[in-house]
Amino acid sequence: MNFQVTVLKILLSYPNGFASMPDLKRDMAILATSGPDWAARTKRMGTRVPELDLFTQQLVERLNGGWRITDKGRAVLELMEPRPSTHQLQPEDTRAPELPSPVPAGSLPVELRRREPERLGRRRSSRLTDG
C-alpha cells in the first residue's frame with residue numbers, strides 16, 4: 001500500500017479535506033487490511049508520481065490535531081487517478097431500468113410450498129396449547 005496516496009485519498013473524502021489524526025489513523029487501518037485491491041491501486045497511482053512527498057511538496061498541511069489536503073494535493077491526486085481511455089467510454093443509457101417482474105406464488109420451489117402448510121399448522125397448535 002502506498003501510504004502517501006492513501007493519505008491523499010482519505011483526506012479528499014472528508015469535508016473540507018480535513019481529518020483529525022484519530023480519524024486518519026482509523027481509516028488507514030481499515031484500508032491497510034481491506035485486501036490486495038487497495039494496495040495494488042495505490043501502488044499503480046504512486047508510480048504516476050514517483051517523487052511524491054506530502055509535506056515537502058505542500059500537498060498536505062498540519063492543522064489543529066489533523067491533516068488537510070491542499071489545492072496542490074488535490075491537483076496531484078487528480079493527475080494520479082486513472083482515466084478511462086476513449087474506447088472504454090460508453091454513451092450514457094437514458095432508458096429507464098427494467099424492474100424485475102414479481103414472482104408468481106405458484107413458481108416457488110416445491111420445498112417452500114410444502115413447508116408453508118406445516119409451519120401454519122405448528123403455529124395454530126402452539127397457540128391452542130399456550131392459551
Would you mind listing every side chain to side chain donor-acceptor pair (under 3.5 Å) that reaches into residues 28-37, with sequence neighbours excluded? none
side-chain contact (heavy atoms from CB on, under 4.5 Å) partners for [X], two or more places apart:
{"X": "Glu81", "value": "Lys9, Arg41, Met45, Leu77"}
{"X": "Val49", "value": "Leu52, Val76, Met80"}
{"X": "Lys72", "value": "Leu59, Thr70"}

Return each pair, listed once, that meets ring pair (Phe, Tyr, Trp, His ring centres under 6.0 Å) where at least one residue sits in residues 58-78; pairs must be two or more places apart or across chains. Phe55-Trp67
Got a second to check how far Thr42's OG1 is from Leu8's CG, nearest 0.5 Å?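 CG of Leu8 is found 11.0 Å from OG1 of Thr42.
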Tell me which donor-acceptor pairs under 3.5 Å the side chains of residues 10-17 have, and how far apart each pair is, sequence neighbours excluded?
from	atom 1	to	atom 2	distance (Å)
Ser13	OG	Ile10	O	2.6
Tyr14	OH	Arg26	NH2	3.2
Tyr14	OH	Asp27	OD2	2.6

Salt bridge (charged side-chain N to carboxylate O under 4.0 Å, His left out) partners of Arg68, counting only residues at least two apart: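 Residues passing salt bridge (charged side-chain N to carboxylate O under 4.0 Å, His left out) with Arg68: Glu61.
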Taking only residues two or more places apart in sequence, or in another chain, which ones meet Glu51 in a side chain to side chain donor-acceptor pair (under 3.5 Å)?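 Glu51: no side chain to side chain donor-acceptor pair (under 3.5 Å) contacts found.
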Residues two or more places apart in sequence or in another chain: which of them pass side chain to side chain donor-acceptor pair (under 3.5 Å) with Ser20?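 Only Asp23 meet the side chain to side chain donor-acceptor pair (under 3.5 Å) criterion with Ser20.
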Supply the members, apart from Leu63, of the Ile/Leu/Val/Met/Phe/Trp/Tyr cluster built from side-chain contacts under 4.5 Å; use none for a lone residue. Phe18
Report the hydrophobic cluster partners of Ile30, with the cluster defined as I, L, V, M, F, W, Y residues connected by side-chain heavy atoms closer than 4.5 angstrom, directly or transitively.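 Direct or chained contacts put Ile30 with none.
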Would you say Met28 and Thr6 make side-chain contact, with heavy atoms under 4.5 Å?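 Yes, close enough: below the 4.5 Å cut-off.
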